[in-house]
Amino acid sequence: MRVGNDISYASISDQREAVRTVKVYDTMPEGAKVLGPVDAGRCHRSFVEESPSETVVMTDLKIAAYTMGADGVTDVSVEKTSALTKNCWYMLDARGTAIFLPE
């Protein structure tokens, strides 16, 4: 679980490629193949830390989809949930469906 807006553990080149390659689709493109569910989350642990941003969580989601071989994600939702049992004030969770677009 990542905290705040800390940089991802993925290499900078992999992060850049994931952000450039994986697109977010409002609806499932025709001919797309479902690879499976994908999720990412960030913890907000302390008031002295920067709150996790939706942009950073979406980057994490794209990286997770990229590692699955996805070209895109669809059915994306970002939700703020309580996470006191995880030693966090709250979690910012992103979920979606990873898809592959055959040529």
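- If you take CZ on R95 and CG on D75, they are separated by 13.5 Å, rounding to the nearest 0.5 Å.
- Among residues two or more places apart in sequence or in another chain, the side chain to side chain donor-acceptor pair (under 3.5 Å) test is passed with D71 by none.
- Residues V57 and A94 come closest through the heavy atom pair CG1-CB, 3.2 Å.
- Between the side chain of R42 and the backbone N or O of S53, no donor-acceptor pair lies under 3.5 Å.
- In this structure, CD1 in I99 is found 5.5 Å from OG1 in T74, a value given to the nearest 0.5 Å.
- Contact of the V78 side chain with the L92 side chain is registered, since non-hydrogen atoms from C-beta on lie closer than 4.5 Å.
- The two residues R45 and K86 have their closest heavy-atom pair at NH2-O, 4.2 Å.
- Pairs passing the ring pair (Phe, Tyr, Trp, His ring centres under 6.0 Å) check and including a residue from residues 65-85, sequence neighbours excluded, do not occur.
- Using cut-offs of 30° and 60° for the angle between ring planes, the W89 and H44 rings count as perpendicular.
- For the atom pair D93 CG and L61 CG, the distance stands at 10.5 Å (nearest 0.5 Å).
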Atom pairs and distances, side-chain donor-acceptor, residues 18-38, under 3.5 Å, sequence neighbours left out:
| from | atom 1 | to | atom 2 | distance (Å) |
| --- | --- | --- | --- | --- |
| T21 | OG1 | E17 | O | 2.7 |
| T21 | OG1 | E17 | OE2 | 3.0 |
| K23 | NZ | R20 | O | 2.8 |

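- To the nearest 0.5 Å, atoms CD1 (I63) and OG1 (T59) are separated by 6.5 Å.
- The two residues P52 and Y90 make their nearest non-hydrogen contact at CD-OH, 3.8 Å.
- In this structure, CG in D39 is found 12.0 Å from CD in E79, a value given to the nearest 0.5 Å.
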